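Structure first, then comments.
In this text the structure is predicted, and so the values were computed from the model without any measurement. In listed order, ligands and their atoms are each counted from 1. Atom set for the values below is all heavy atoms of this structure, side chains included, hydrogens, waters and symmetry mates excluded.
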Amino acid sequence: MSDLQELTNKLLEFRNARDWEQFHDSKNLATAISIEAAELNELFLWKNLEQSEEVDRDKIKDEIADILAYTLLLAERHGFNVKEIVLEKIAKNNEKYPVEKAKGNSKKYTEL
Ligand SMILES: [Mg+2]
């Protein structure tokens with residue numbers, strides 16, 4: 001079993017023991033991902049670059065874990081293999097952002 005599948009199974013076990021599947025429709029899971037990402041951003045809000053590197057790592061870990069947990073649950077709901085879809089996305093981005101055009105700049109692919 002892959003690490004990602006093992007994590008997903010742990011999340012499902014936790015959720016199902018609490019009968020929370022009823023709340024985990026796609027809209028709620030997508031909203032939860034967005035809220036957890038906002039909580040991550042809040043850790044850095046109003047800090048300069050130097051202060052941003054000094055944010056409590058435990059708090060960063062918590063928010064990363066929350067984002068990933070809801071992401072895995074949303075992927076599971078749709079039967080997606082997370083490894084496959086990330087690899088597919090990397091392949092798409094390789095086409096959008098060829099190294100010879102994208103290396104060293106942050107322009108969007110439409111402006112390359
Ligand atoms: Mg959180």
Checklist line | Side-chain donor-acceptor contact under 3.5 Å, Glu13 with Asn9 | finding: no
Notebook entry, point to check: Which N/O/S atom belongs to Asp66 and is the closest one to the Mg ion (ligand 1)?
Noted result: OD2
Check: Quick one: do Leu68 and Ile60 end up in the same hydrophobic cluster if we chain Ile, Leu, Val, Met, Phe, Trp and Tyr together by side-chain heavy atoms under 4.5 Å apart?
Finding: yes
Check: From Glu39, does some N, O or S atom reach closer than 2.8 Å to the Mg ion (ligand 1)?
Finding: yes
Notebook entry, point to check: So, the side chain of Asn28 versus the backbone of His24: is there a donor-acceptor pair under 3.5 Å, distance only?
Noted result: no
Note to self: If you compare all heavy atoms of Lys107 against all heavy atoms of Tyr97, which two are closest, and at what distance to 0.1 Å?
What the structure shows: O-CE2, 3.6 Å
Check: Looking at the Mg ion (ligand 1), which N/O/S atom of Glu36 is the nearest one?
Finding: OE1
Next item on the list: Measuring from the Mg ion (ligand 1), name the closest N, O or S atom belonging to Glu63.
Entry: OE1
